[in-house]
Amino acid sequence: MEKKSMKGWLYLLPALIIITVFTLYPLIRAFSMSIMLDYDMIHNTFTGYGLENYQKVLSDKSFHKALGNTTIYAVVVVPCSIILSLLIAAMINGTKKTKGLFQTIYFLPYVTSVIAIGIVWSWIYNSRYGLLNSIISFFGFDPIEWLNKPKYALPALIIFAVWKSMAFNIMVFLAGLQTIPKEIYDAAKVDSTPRWRVFLRITVPGIAPMIVYSYIMGIISAFKVYNEVYSLYGGKAGPADSAITVVYYIWKKFYQSFKYGEAAAAAVILFFIILAFTMVQKLVRKFLSR
Amino acid sequence: MKSTKVSNLVLDILKFTILILGAIITMMPFVWMILSSLKTSSEITAIPPTFFPKDPQWSNYQEAWSRAPFLRYFVNTVIVAVGSTFGVLITTVLSAFAFSRLNFPGKKLIFSLLMATLMIPGEMLVITNYITVYNMKLEIGETRIMGIDSYGALIIPWIASVFYIYLLTQFFMQVPDAIYLAAKVDKCSDWKFMWKIMLPMNKQAVVTIGILNFISSWNAFMWPLLVTNDPNMRVLSNGLTQFQSEAGSDYQLIMAASCILVMPIIIIYLFLRKYIIEGVTRSGLKG
């Protein structure tokens, strides 16, 4: 490496300008906006400073609902997706000729537009003409009003979300499985250890760091769910806001009720929640890599 | 010994059954979308639904195309995706080169600062970025460069990505110093070295970043929805949700419109899946 000069800064300049204007500045702005009272975006006026925006958000039933739904995500969607993905990944890893084909198919939901596929799912869930209800009635059950009843709105979202999130998890696990030395499996084969035991004793511990990583990433993305909800319920957060999420809450406050200060306060709360989970992830990672 | 062989065979059959079943469930929404897009309006509301359309209605695409300006949406989406990808590649290559090869004061500090920004959820910045763009009105003649309803607003916030900078820096670091020093001896300038040697040597990584960025820009929804009011400035994803609310129960048309948004990406994916899968797993493992 050559001696220090300012040239490096010149190379960084384009990226730094964009990141400063569209990442750092809006972050600071969100913090300052969250303590401005009655902030009016169009005239850039406010009546004073205070923590009322936070009080309002934290006591808002809708916000509690959003946190509750995220918790359901964290304890239902993410674990379900991880367990299924782990099984599928281990099975794909055990195939030879068809490995590439399965990989290609299972990864497809990751690259395609959540909006378009969410709309397709809403069509599948359609209570009168939907594919799912006709399968259900084929087996002699009553059709379900998937998207119109609050009781079923969240299960509908959960099914869609598990389907969607498996693609990424399968890929991460498949890559993780490559890092387990083949010799260990060969040794197990010599001992003719049953496969389920190999799976529980070798495979699972072998990719434990990936499982933890996927779990925390899954929780973080649960707070950010927006496109899924928007497309599934046609621009609403489910019947009577029953499927609202934290990012959807911010969006609603900002774009529909024009409570800019409260939207910013909720955004700052989101920032700290995600910061906390990221810290946990870093700690766990450190612990596991020791 | 024999019994384990038999049970292994049973397990293999079970394994493939589950894998194929899972593959069908994964593919189902895509298949159903395509099949539904080719049905007549009476087929689409048949109870129980028919699986294959009797006589594929390709005219559904024409009708969707004519009911809403999908051509315009399509062109906008291409402009935004290509523009932001082009921008991202330039800023990423420049920054990754600076971090991997150049020595400058404050390098470590600025690198850790940038890495820290990865923890900021982009979704929280959307609202304040909207205010920034709202207040930035820049017009040259008749064309709006920046501000609400401009290509600038759709593209410029997305032409730098800390994550891609990090990824490419890792790749650039793997290029041996000896090559750099040899080029220095030959009086090759840094600028020339970057474009003529560094870039071709890491072609695969650069292509991967380009594809991943193109896909995420193509699929973007919330930001373009915020910064466009004029229907002529909408991208496909916003046009689609708008169309969904207008088309009522013409599901065959809504499915045709969804295909317009999804199919280009599926085609790109089928041809370039190696790059995409490689890029995503790499980012997944690094965290």
Side-chain angles (χ1 to χ4, degrees), chain A residues 1-9 11-12 14-15 18-19 22-23 26-27 29-30 33 41 88 91 94 102 104-109 111-113 115-117 119-121 123-124 129 131 134 171-172 175 192 195 213 224 226-227 231 234-235 247 250 254 263-264 267 270-271 274-275 278, chain B residues 4 11 15 18-19 22-23 26-27 29 32-33 36 45 47-49 91 94-95 97-98 102-105 107 117 119-121 123-125 127-129 131-132 157 159-160 162 165 215 219 221-222 237 240-241 244-245 251 254-255 258 261-262 265-266 269 273 276-277 280-281 284-285 287:
Chain A
M1 227 168 253
E2 58 181 327
K3 61 176 176 24
K4 284 189 181 183
S5 78
M6 297 309 276
K7 199 158 78 184
W9 283 102
Y11 279 72
L12 279 183
I18 299 297
I19 290 161
F22 293 106
T23 303
L27 179 71
R29 183 78 196 261
M33 223 167 89
M41 192 198 102
I88 297 281
M91 286 179 188
F102 281 127
T104 305
I105 292 173
Y106 279 105
F107 192 56
L108 196 56
V111 290
T112 44
S113 158
I115 291 294
I117 296 304
I119 288 175
V120 175
W121 273 93
W123 167 228
I124 290 173
Y129 312 115
L131 180 64
S134 55
M171 284 306 126
V172 172
S192 59
R195 284 199 208 176
Y213 167 76
K224 303 189 200 171
Y226 172 79
N227 289 357
S231 57
V247 166
I250 298 172
F254 186 80
L270 174 73
F271 171 79
I274 289 186
L275 190 71
T278 312
Chain B
T4 53
L11 277 176
K15 181 174 82 184
I18 294 173
L19 278 179
T26 308
M27 295 285 287
W32 197 240
M33 168 181 76
S36 300
T45 50
I47 302 173
T91 60
L94 287 173
S95 313
F97 186 75
L102 302 175
N103 212 355
F104 53 92
K107 179 171 155 178
T117 65
M119 287 189 259
I120 306 168
E123 288 77 358
M124 78 168 286
L125 305 176
I127 54 170
T128 28
N129 274 335
I131 299 176
T132 306
I159 59 169
V162 174
I165 291 172
I215 293 175
N219 292 338
F221 177 74
M222 197 202 249
S237 59
L240 175 63
T241 53
Q244 183 199 18
S245 60
Y251 289 103
I254 298 172
M255 290 301 111
S258 304
L261 173 57
V262 170
I265 294 298
I266 292 189
Y269 171 66
R273 61 180 180 279
I276 297 169
I277 291 177
V280 172
T281 43
L285 293 182

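Below, all heavy atoms of this structure are taken into account, side chains as well, without hydrogens, waters or symmetry copies. The chains referred to below are lettered A, B, ... by the order of the sequence lines, with proteins before strands, and numbering in each begins at 1.
A pairwise comparison of heavy atoms in P121(B) and K224(A) identifies CB-CE, 3.8 Å as the closest pair. In this structure, A98(B) and L12(A) approach most closely via the heavy-atom pair CB-CG, 4.1 Å. For Q244(B) against S231(A), the heavy-atom pair with the smallest separation is NE2-O, 4.0 Å.
With chain B as partner, the option from G234(A), A264(A), P14(A), A15(A) having the largest number of non-hydrogen pairs under 4.5 angstrom is A15(A). The candidate with the highest count of non-hydrogen atom pairs below 4.5 Å against chain B, out of L275(A), L108(A), N227(A), is L108(A). Ranked by heavy-atom pairs under 4.5 Å with chain A, the list I165(B), V162(B), I277(B) is led by I277(B). Chosen from A23(B), S36(B), S237(B), A160(B), the residue pairing most often with chain A at heavy-atom distances under 4.5 Å is A23(B). Among I19(A), I119(A), I250(A), the residue making the largest number of heavy-atom pairs under 4.5 Å with chain B is I119(A). Counting heavy-atom pairs closer than 4.5 Å to chain A, the top-ranked of the candidates T91(B), I131(B), I159(B) is I131(B). Between chain A and the options E123(B), M33(B), R273(B), the largest number of non-hydrogen pairs under 4.5 Å is found for E123(B). The candidate from F271(A), F107(A), F102(A), F22(A) with the greatest count of non-hydrogen atom pairs under 4.5 Å with chain B is F22(A). The greatest number of non-hydrogen atom pairs below 4.5 Å with chain A, out of L261(B), T45(B), L11(B), is found for T45(B). The choice from L240(B), I127(B), I18(B) that makes the most heavy-atom pairs within less than 4.5 Å of chain A is I127(B).
Taking the ring pair (Phe, Tyr, Trp, His ring centres under 6.0 Å) definition, one finds that Y226(A) meets it with Y230(A), Y248(A), W251(A), sequence neighbours left out. With sequence neighbours left out, Y106(A) forms a ring pair (Phe, Tyr, Trp, His ring centres under 6.0 Å) with no residue at all.
Both the backbone and the side chain of I105(A) have a heavy atom closer than 4.5 Å to some heavy atom of chain B. The contact between M222(B) and chain A is made by backbone and side chain atoms together, counting heavy-atom distances below 4.5 Å. Heavy-atom distances place the side chain of T278(A), and not its backbone, under 4.5 Å from chain B. When heavy atoms are compared at a cutoff of 4.5 Å, F254(A) approaches chain B solely by way of its side chain, counted from C-beta outward.
The shortest side-chain heavy-atom distance between S113(A) and I265(B) does not fall under the 4.5 Å cut-off. Counting heavy atoms from C-beta on, the side chains of P49(B) and Y129(A) never come closer than 4.5 Å.
Formation of a donor-acceptor pair under 3.5 Å by the K15(B) side chain with backbone atoms of G94(A) is found in this model.
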Original post:
Could you walk me through whether I254(B) and W123(A) pass the side-chain contact (heavy atoms from CB on, under 4.5 Å) check?
Top reply: CA-CA 9 Å; I254(B) 298 172; W123(A) 167 228; over 6 Å; no
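Ring geometry, W9(A) versus F104(B): the interplanar angle exceeds 60°, so the pair is classed perpendicular (tilted spans 30 to 60°).
Exactly one residue among N219(B), T241(B), V262(B) makes a side chain to side chain contact (heavy atoms under 4.5 Å, CB included) with I115(A). That residue is T241(B).
Between the CG atom in N129(B) and the CZ atom in R29(A) there is a gap of 10.5 Å [rounded to 0.5 Å]. One finds the CE atom of M124(B) at 7.0 Å from the CG atom of L270(A) (value rounded to the nearest 0.5 Å). If you take OG1 on T128(B) and CE on M33(A), they are separated by 6.5 Å, rounding to the nearest 0.5 Å. From M171(A), atom CE reaches atom CD1 of I276(B) across 11.5 Å, with rounding to the nearest 0.5 Å.
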